[in-house]
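A, B, ... follow the sequence lines: proteins, then strands. Residue 1 opens every chain. Below, each value reflects all heavy atoms present in this structure, side chains not excepted, and no hydrogens, waters or symmetry copies.
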2 protein chains.
Amino acid sequence: MGRPPSPLLSTERIASAAMELVAATGGFTMPDLARKLHVSPSSLYNHVAGRDQIVELLRERAMSEVQLPDDQPDRPWTAVVADLLRSYRRSFARYPRLIPLLTAYPVNSSHAMQMYNVLAVTLRRAGFGPADTLRVITLMDCFVLGSALDVAAPDEPWHSGEEVGPEFAAALATGIGKDDRADDAFEFGLAVLLRGLSAEA
Amino acid sequence: MGRPPSPLLSTERIASAAMELVAATGGFTMPDLARKLHVSPSSLYNHVAGRDQIVELLRERAMSEVQLPDDQPDRPWTAVVADLLRSYRRSFARYPRLIPLLTAYPVNSSHAMQMYNVLAVTLRRAGFGPADTLRVITLMDCFVLGSALDVAAPDEPWHSGEEVGPEFAAALATGIGKDDRADDAFEFGLAVLLRGLSAEA
DNA sequence: ACCTGAACACCGTTCAAGT
DNA sequence: ACCTGAACACCGTTCAAGT
């Protein structure tokens with residue numbers, strides 16, 4: 001009781017502990033977090049405005065792992081975009097259980113903004129106008145977010161008692177047991193996307 | 001108190017009330033739900049196993065609005081897929097606030113299964129093998145889910161204090177104030193997807 | 001069979017009290 | 001400045017008690 005000689009907590013330590021909890025259990029509660037940090041729940045509020053801010057810190061953590069390319073105008077724009085989207089998705093796929101937490105809030109991180117800037121510059125170079133640039137970025141966001149969610153999906157995605165037709169059953173059979181099913185599907189989707197966009201640009 | 005002459009509740013009435021609450025407020029709690037139904041919270045458990053089952057009922061409601069085409073092998077497969085994805089996405093975009101609730105659980109509805117069956121049959125007709133069929137369906141799911149989430153995103157998606165480059169700013173400017181921005185982006189993405197897939201098939 | 005009220009174990013958050 | 005314990009208003013769920 002009373003304040004300790006040097007602080008037990010910090011925003012960083014709280015974020016790290018929350019990240020570990022999400023990775024391990026798929027979520028976090030303030031009591032859990034406090035227990036993990038050997039601290040009382042109310043102590044957290046000395047460093048953090050509330051639970052929502054912690055979620056925001058986690059988003060920053062994930063987002064900051066996205067590798068932004070230094071401007072290399074000699075590489076084809078499709079290669080630049082492909083690398084960026086791979087990194088974008090990998091950053092969130094690393095913490096798949098985090099994504100359902102994030103979808104409830106809007107994007108607001110500074111690193112995200114940098115990423116969108118890089119994308120916009122690259123797409124402009126590819127010949128897209130401003131309106132199409134917004135559409136393309138939206139498409140990429142939808143695709144990456146959806147793909148990251150897919151990583152969190154259960155291994156056997158559909159096994160209700162419903163009738164599965166032979167065509168769908170055959171398709172499902174190619175995926176079961178493969179632990180890189182989601183990665184594989186992402187690479188496929190990425191190729192489809194870039195092919196479709198190349199025709200446009 | 002004691003049981004009423006005719007039941008006050010039913011699974012359907014509970015689901016409808018929950019749907020209205022989600023549409024109005026973006027979520028629901030058991031006490032809220034009970035209040036809306038003029039009933040005690042504990043009464044709900046006579047008709048429903050718990051909150052999770054109610055969420056599942058909401059998923060069914062949204063999913064059952066997806067229009068499945070009767071098999072028309074004379075239409076081009078891209079047209080069949082386009083209509084299906086539009087309906088799929090519209091069904092969830094109708095309740096955008098619902099989507100963050102749904103992402104936490106796996107898909108398990110019978111109508112969903114029917115939809116996947118139709119997709120698998122159509123893709124097979126288009127010439128996709130079983131493995132690619134799974135990849136394409138995954139891609140479509142990611143895209144539709146992501147797009148539905150996009151509908152729920154705030155009108156001004158990014159307005160942090162960060163630096164917005166001129167290219168991204170120009171792109172953003174084309175979207176602000178347009179209430180059909182998400183619809184427009186979806187149609188664009190759908191076209192890109194189908195163009196990319198046509199090259200594959 | 002179906003509704004109620006009391007009860008339980010939880011949650012996020014606040015705040016006076018300590019050093 | 002920073003931690004604590006008690007307290008508050010909430011949540012989902014259970015269950016004996018009623019008819």
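- Interface limits on DNA chain D: the 5'-most and 3'-most nucleotides within less than 4.0 Å of chain A heavy atoms are dA1(D) to dG5(D).
- In this structure, Asp184(A) does not pair ionically with Lys178(A), as no charged nitrogen and carboxylate oxygen lie closer than 4.0 Å.
- In this structure dG18(D) sits in a base pair with dC2(C), meeting the Watson-Crick or G-U test at under 3.5 Å.
- If you run side-chain contact (heavy atoms from CB on, under 4.5 Å) between Leu145(B) and each of Asp150(B), Ile99(B), Leu102(B), only Ile99(B) comes through.
- At least one test fails for Arg61(A) against the ring of Tyr95(A): distance under 6.0 Å to the centre or angle within 45° of the axis.
- Salt-bridge check for Arg86(A) with Glu187(A): passed, with a basic side-chain N closer than 4.0 Å to an acidic carboxylate O.
- Between Arg3(B) and Asp32(B), the residue anchored nearer the 5' end of DNA chain D, judged by the nucleotide with its closest heavy atom, is Asp32(B).
- For Phe143(B) and Phe143(A), the ring centers are positioned 6.0 Å apart or more.
- Heavy atoms of Ser42(B) sit under 4.0 angstrom from at least one base atom.
- Electrostatic pairing of Asp183(A) and Arg89(A) counts as a salt bridge here, judged by a charged N lying under 4.0 Å from a carboxylate O.
- With a cut-off of 3.5 Å on both pairing distances, dC10(C) has no Watson-Crick or G-U wobble partner at all.
- Contacts of Ser43(B) with the nucleic acid, taken as non-hydrogen atoms under 4.0 Å apart, include base atoms.
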